[in-house]
There are 2 protein chains.
Amino acid sequence: MARKRITPGKIRLTEVAKLAGVSPITASRFFRNPEALSIGKRARVESAAKELGYVPNLAARALASQRTEVIGVLIPSLTNNVFADVLRGIYDALDGSRYSIQLANTRYSILQEERLLRLFLAQKPAGLIVTGINQTADSRHIMESVDCPIVQIMELGSAPVDMMIGFSHFDAGKAAIAHLLDQGYRRIGFLGARMDPRVQRRLDGYRSAMTDAGLFDERLIVTTAVPTSMTLGGALFADLLAKAPDIEAVFCVNDDLALGALFECKRRHMVVPDQMAIVGFNDLEFMASSVPTLTSVRTNRYEMGRNAAMMVLETLAGRRPAESVVDLGFSVIERQSSTRRG
Amino acid sequence: MARKRITPGKIRLTEVAKLAGVSPITASRFFRNPEALSIGKRARVESAAKELGYVPNLAARALASQRTEVIGVLIPSLTNNVFADVLRGIYDALDGSRYSIQLANTRYSILQEERLLRLFLAQKPAGLIVTGINQTADSRHIMESVDCPIVQIMELGSAPVDMMIGFSHFDAGKAAIAHLLDQGYRRIGFLGARMDPRVQRRLDGYRSAMTDAGLFDERLIVTTAVPTSMTLGGALFADLLAKAPDIEAVFCVNDDLALGALFECKRRHMVVPDQMAIVGFNDLEFMASSVPTLTSVRTNRYEMGRNAAMMVLETLAGRRPAESVVDLGFSVIERQSSTRRG
DNA sequence: ACTGATATTGACAGCGCTACCAACCGGTTG
DNA sequence: CAACCGGTTGGTAGCGCTGTCAATATCAGT
């Protein structure tokens, strides 16, 4: 006959209950909902747990209760500073709560995203935070069928799976160009790398603003699927100058490209902003301390992560946020690199 | 009497086994060690699982087997590019394996680290990757008593808890100074931020090299506990100039500080390297594309993460790595910002 | 044919916790 | 005095899987 897999020294809930002189179920309740116990038992269980150094077994809890305290987070990149900030917000919001994070990297692939989504389901997550609004049809079905709060972050769209927090990349791109137009620049180039859906929408914003101003010219646009970097910013800027030597300004879809372009200007002894205006995107910390300082579109990445996590938390606590779609906006931070022409 | 918590439509291992015409335990084995089954049963279970869309319940598996397939990772910062690279290496190494990552942020606090370590234990992780060698005594006890592979990353020390991969920050700091001395610089300043144990050891390296050369001067050192940033680099550099106006070169403990110092030089119309040499640390991508390009100490962060994860994986597979302490080294990448004086 | 060794399969119980329901308690209420 | 109430506590079974061991099948060697 089968053996007893007895583990002699181990402290389980039963041991705590025994020491406290209550039933296991009462001890269990202490850890999940202390208010349900009378003051006396509460104290007894508490001290018993402390004395024994009890650590709850999460697997047993998950199995018995059919749910976990894990919030799945799907982001496209670990390298990108933008997501580092978002993540920091998420981690900060969850700090001290009983929820923990399961992070997965989609590498900008929606197929990979779908695969990871399925993987997450095996764990019955308490909540889900996913990046963007461009999921595969299957991913959408999966998310719609899962019974847990889901927040889509980074951008906005008309059909949230559940909740959503972000800003309009189209409007942000448009606003960057509006600023340059406002400063008197006319021949405004566009530099884009990686070209994920959000960058694409910034390009749409650029296109719209330039077309409205009657200034659109296909030759002003240089993009690549290659991941972004400062070095790439310099290279793309060089390409742009070759295609359109008469450009007066350049809008870069992120700050790395912008700083790369700035250095490329230096290399060519072009003075910024006199001979070339530069606008970046995200407003990373270094934009304020370069020489000259660089104009950028500030996005609220930390807040986005933080709020997304809080929305999940609130929903789990039964207090569903009033607004299921939150627009965090953006702002064009005007600096030396794009001051008025002439 | 108590109810049956029957879940009608759900597919469990039992359902798969039934459809495949085998016992549940055989089906179970298929998912853990397919080679143990005969070819015929293997195919039958496989198709049955696919047909039913079976997804294993990880909580049940963890409870029954008393272990999980989670590797805990403790890092001090989510913002720091250095750890983003390390993480990418870890995630890449684990990609495709059955292990997943549980990430936690110690925020450079060893007390927080200890707390998180205890938290991890509740999950019975399959492995652990922790940053650095400065843990609390309790943390060390905990790690020593846990029965799973542990890798300490980022630096080297004489008493690994289990395995270790990193490089000598002392030697790296010393090498950076040796390079500057070699180029003819004598009054070499030191800029440090955050001052975590690894940065401290780079400072020790600096101190040692300068003392050996008979050039040590306390006034050449400027440090702060504030987290690093480019803006801070400029500020610290300004402080250093105020304390020691005659400095010829500056060693920055990371690249952000170095770039900030470079911009501060620009602001003051000091020519780099003619009037001021700059050396950074980590060799982030942008160091090669700034103007002038910046000398830095290259560290193999991605490889560190990747190898650390692989060491855990190998140990779990029963193939313990021959070397339990791996020195990944570093190299001084000489660029324009520190070319020969005069 | 028999032995021993190896490969393959199955029975059973139990991992540690919680859902569900029942029971109990002192105090009201009709 | 029975019925009722909200607050608190406990009994029982079961969440879905795997460790352990036993049983059976297969095969080579003698």
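In what follows, every heavy atom counts, from backbone to side chain, and hydrogens, waters and symmetry copies are set aside. Within every chain, numbering begins at 1; the chains are lettered A, B, ... in the order of the sequence lines, protein sequences first and strands thereafter.
Of the charged side-chain nitrogens involved, none lies within less than 4.0 Å of a carboxylate oxygen, so that A:Asp95 and A:Arg306 do not count as a salt-bridged pair. A salt bridge does not link A:Glu46 to A:Arg42: none of the charged nitrogens lies less than 4.0 Å from a carboxylate oxygen.
Between the side chains of B:Thr26 and B:Ser23, at least one donor-acceptor pair of N or O atoms lies under 3.5 Å. Counting only N and O atoms by type, the side chains of A:Thr136 and A:Glu114 include a donor and acceptor under 3.5 Å apart. Between B:Ser77 and B:Arg107, the side chains place no donor N or O within less than 3.5 Å of an acceptor N or O (distance only, hydrogens not considered). Side chains of A:Gln123 and A:Thr68: a donor-acceptor N/O pair is absent below 3.5 angstrom, by distance only.
Whole-Å rounding puts the B:Leu58 CG to D:dT18 P distance at 10 Å. When the P atom of D:dC17 is taken as reference, atom CG of B:Asn57 falls 6 Å away, rounded to whole Å. If you take CG of A:Leu52 and P of C:dG16, they are 15 Å apart, rounded to a whole angstrom. What separates CG of B:Leu63 from P of C:dC17 is a distance of 9 Å, to the nearest Å. Look at CG on B:Leu13: it is 20 Å from P on C:dC15, rounded to the nearest Å. D:dC17 atom P lies 13 Å from atom CD of B:Glu69, rounded to whole Å. The NZ-P distance, from B:Lys124 to C:dG16, rounds to 7 Å in whole Å. In this structure, A:Gln123 atom CD and D:dG16 atom C1' are separated by 16 Å, rounded to whole Å.
Legend: residues meeting side chain to side chain contact (heavy atoms under 4.5 Å, CB included) with A:Glu51, ordered by chain and number and at least two apart, are A:Leu19.
Between A:Arg67 and C:dC17 there is no side-chain N or O to OP1 or OP2 distance below 4.0 Å. Contact annotation: B:Arg32 side-chain N/O to D:dC17 OP1/OP2 distance is not under 4.0 Å. Contact annotation: B:Arg12 reaches the phosphate of D:dG16 (side-chain N/O to OP1 or OP2, under 4.0 Å). An OP1 or OP2 oxygen of C:dG16 is reached within less than 4.0 angstrom by a side-chain nitrogen or oxygen of B:Gln66.
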Expected rows: protein N/O vs nucleotides 7-9 of chain C N/O, under 3.5 Å:
residue	atom	partner	partner atom	Å
C:dT9	OP1	B:Ser38	OG	2.7
C:dT9	OP2	B:Ser38	N	3.1

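Among the atoms of the strands shown, only primed sugar atoms or phosphate atoms (P, OP1, OP2) are found under 4.0 Å from some heavy atom of B:Tyr54.
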